[in-house]
Amino acid sequence: MPARVQDGRAAVLGSPIAHSLSPVLHTAAYAALGLDDWTYSAIECDEAGLPGLLASCDSAGPGGRPPQTHPRGHGPGGRPPQTPPRGHGPGGRWAGLSLTMPLKRAVLPLLDRTEPLAVEVGGANTVVFAEGQRHGYNTDVPGLVAALAEAGVTSPAGATILGAGATACAALAALRATGLAAVVVQVRDQARAGDLLAAARRLGLAVELRPFGSQVRAGDLLISTVPAGAADFLAKRAVDPRARPSAVLDVVYNPWPTPLAITAAQSGVVVVSGFDLLLHQAARQVELMTGLGPAPLGAMRAAGQSELARRASLPAR
């Protein structure tokens, strides 16, 4: 299958974004696929700057969409568009973008076409420029399913999710794919769980909200979507047979292992890292943006692990 575009450019957007491992993973994939003229970078971009940045990518993307300002303007507060900095590659055309927080939900009204899964989840983490249009996808869901399956977790008896953000919504869809019809979600503020509950309704899942920090049901698959440190309190509980999960997926990948992951592994619990999720969702992005597949998981994994080891060896700041 031919590459979607020659001399392609891609990037990950978010705020903050300097820590992202995505450039390492995608660049390794391009090298393994022989796409020597492709580049991938990280661009600092918030919700206000997203419409203008997308418009600037349109003008240099495949399909010849002319430069324009999105009908919704530059975003909240009338801020000017954030444009991609120069120097990402020698004249390459934009093939796609990876999106992290806070952009996964904000991008939906800015897309021309959105796959049904991203609509159900309520967020897109991938934009592909094709035929003069912006196509939105969610690769977090298949990434979660693949990361769990790789660890042998395919049919959990039950599941508990920590958090209610965009990744938690993707986790709902992944759990539906494993056959679950009901999920427990622990949240700090139930009043802020509206987006998650709406996603659950679209997905046809029953959700039971519980206070953050509640005891996890023994035997559940535990998926933590909260930032580093927020789930550390569960580390001590993971050794209690009455609240021991059958498997743990912690979306944190740096620092790794987390206290929860360490204790769970020591107790014989299957542990899946945030790196595994990042790797598999990035692999699907590579396939969507380049038109080539399958993505070279081995090369991507080796490059990511090498970079994480390098970062771990750096003096603490």
4.5 Å side-chain heavy-atom contact, [X] and [Y]:
{"X": "Val128", "Y": "Gln133", "answer": "no"}
{"X": "Leu308", "Y": "Trp256", "answer": "no"}
{"X": "Leu197", "Y": "Leu209", "answer": "yes"}
{"X": "Leu111", "Y": "Val127", "answer": "yes"}
{"X": "Leu21", "Y": "Asn254", "answer": "no"}
{"X": "Val12", "Y": "Tyr40", "answer": "yes"}
{"X": "Phe129", "Y": "Leu54", "answer": "yes"}
{"X": "Leu196", "Y": "Ile161", "answer": "no"}

*Criterion side chain to side chain contact (heavy atoms under 4.5 Å, CB included) on Tyr30 and Thr290, from CA distance to verdict*: CA-CA 9 Å; Tyr30 298 161; Thr290 67; 4.0 Å; yes
_Other residues, nucleotides and ligands only: do more than 12 of their heavy atoms fall within 6.0 Å of CZ on Arg311?_
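Enclosed: over 12 neighbouring heavy atoms sit under 6.0 Å from CZ of Arg311.
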Path from [X] to [Y] over hydrophobic side-chain contacts below 4.5 Å:
{"X": "Leu205", "Y": "Leu249", "value": "yes"}
{"X": "Val248", "Y": "Val272", "value": "no"}
{"X": "Val251", "Y": "Leu221", "value": "yes"}
{"X": "Phe233", "Y": "Val216", "value": "yes"}
{"X": "Ile17", "Y": "Tyr253", "value": "yes"}

Locate the shortest heavy-atom distance separating [X] from [Y]; write the atom from each residue and the value.
{"X": "Val24", "Y": "Ala303", "answer": "CG1-O, 3.5 Å"}
{"X": "Ala247", "Y": "Val153", "answer": "CB-CG2, 3.8 Å"}
{"X": "Ala164", "Y": "Arg105", "answer": "O-NH2, 3.7 Å"}
{"X": "Ala124", "Y": "Val107", "answer": "O-CG1, 3.8 Å"}
{"X": "Pro16", "Y": "Glu44", "answer": "CA-OE2, 3.6 Å"}
{"X": "Thr100", "Y": "Gly14", "answer": "CG2-CA, 3.6 Å"}

Please answer whether the main-chain N or O of [Y] pairs with a side-chain N or O of [X] as donor and acceptor at a distance below 3.5 Å.
{"X": "Arg192", "Y": "Val187", "value": "no"}
{"X": "Gln186", "Y": "Gly213", "value": "yes"}
{"X": "Gln281", "Y": "Thr139", "value": "no"}
{"X": "Arg244", "Y": "Val269", "value": "no"}
{"X": "Arg217", "Y": "Gly158", "value": "no"}
{"X": "Thr178", "Y": "Thr154", "value": "no"}
{"X": "Asn138", "Y": "Asp140", "value": "yes"}
{"X": "Ser214", "Y": "Pro211", "value": "yes"}
{"X": "Thr263", "Y": "Pro259", "value": "yes"}
{"X": "Asp220", "Y": "Pro245", "value": "no"}

Nearest 0.5 angstrom please: [X] [atom1] to [Y] [atom2], how far?
{"X": "Glu120", "Y": "Leu172", "atom1": "CD", "atom2": "CG", "result": "11.0 Å"}
{"X": "Leu279", "Y": "Ser22", "atom1": "CG", "atom2": "OG", "result": "10.5 Å"}
{"X": "Leu222", "Y": "Asp250", "atom1": "CG", "atom2": "CG", "result": "8.0 Å"}
{"X": "Asn125", "Y": "Leu13", "atom1": "CG", "atom2": "CG", "result": "11.5 Å"}
{"X": "Ser98", "Y": "Leu103", "atom1": "OG", "atom2": "CG", "result": "11.5 Å"}
{"X": "Leu25", "Y": "Gln305", "atom1": "CG", "atom2": "CD", "result": "10.0 Å"}

*Quick one: sort the His135 and Tyr137 rings into parallel, tilted or perpendicular, breaks at 30° and 60°.*
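His135 vs Tyr137 ring planes: parallel.
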*Indicate whether the side chain of Thr126 and that of Gln285 have a donor and an acceptor atom separated by less than 3.5 Å.*
yes
_I'd like to know whether His280 forms a side chain to side chain contact (heavy atoms under 4.5 Å, CB included) with Leu297, so could you lay out the CA-CA distance, the side-chain angles of the two residues, the decisive distance to 0.1 Å, and finally the verdict._
CA-CA 8 Å; His280 285 284; Leu297 273 175; 3.8 Å; yes
*Given side chain to side chain contact (heavy atoms under 4.5 Å, CB included), test Leu33 with Trp38 step by step and report yes or no.*
CA-CA 10 Å; Leu33 292 170; Trp38 277 59; over 6 Å; no
*Might you work through the side chain to side chain contact (heavy atoms under 4.5 Å, CB included) test for Val252 and Leu260, ending with a clear yes or no?*
CA-CA 11 Å; Val252 173; Leu260 172 60; over 6 Å; no
*asked:* Taking side-chain hydrogen bond (donor to acceptor under 3.5 Å, both in side chains) as the criterion, tell me which of Thr114, Asp58, Asp112 meets it with Arg134.
replied: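 Considering Thr114, Asp58, Asp112, a side-chain hydrogen bond (donor to acceptor under 3.5 Å, both in side chains) with Arg134 is found only for Asp58.
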*Do Glu150 and Arg301 pass the salt bridge (Lys or Arg N to Asp or Glu O under 4.0 Å) test, and can you show the C-alpha distance, the side-chain angles, and the key distance before you say yes or no?*
CA-CA 13 Å; Glu150 190 174 54; Arg301 190 190 306 272; 2.7 Å; yes
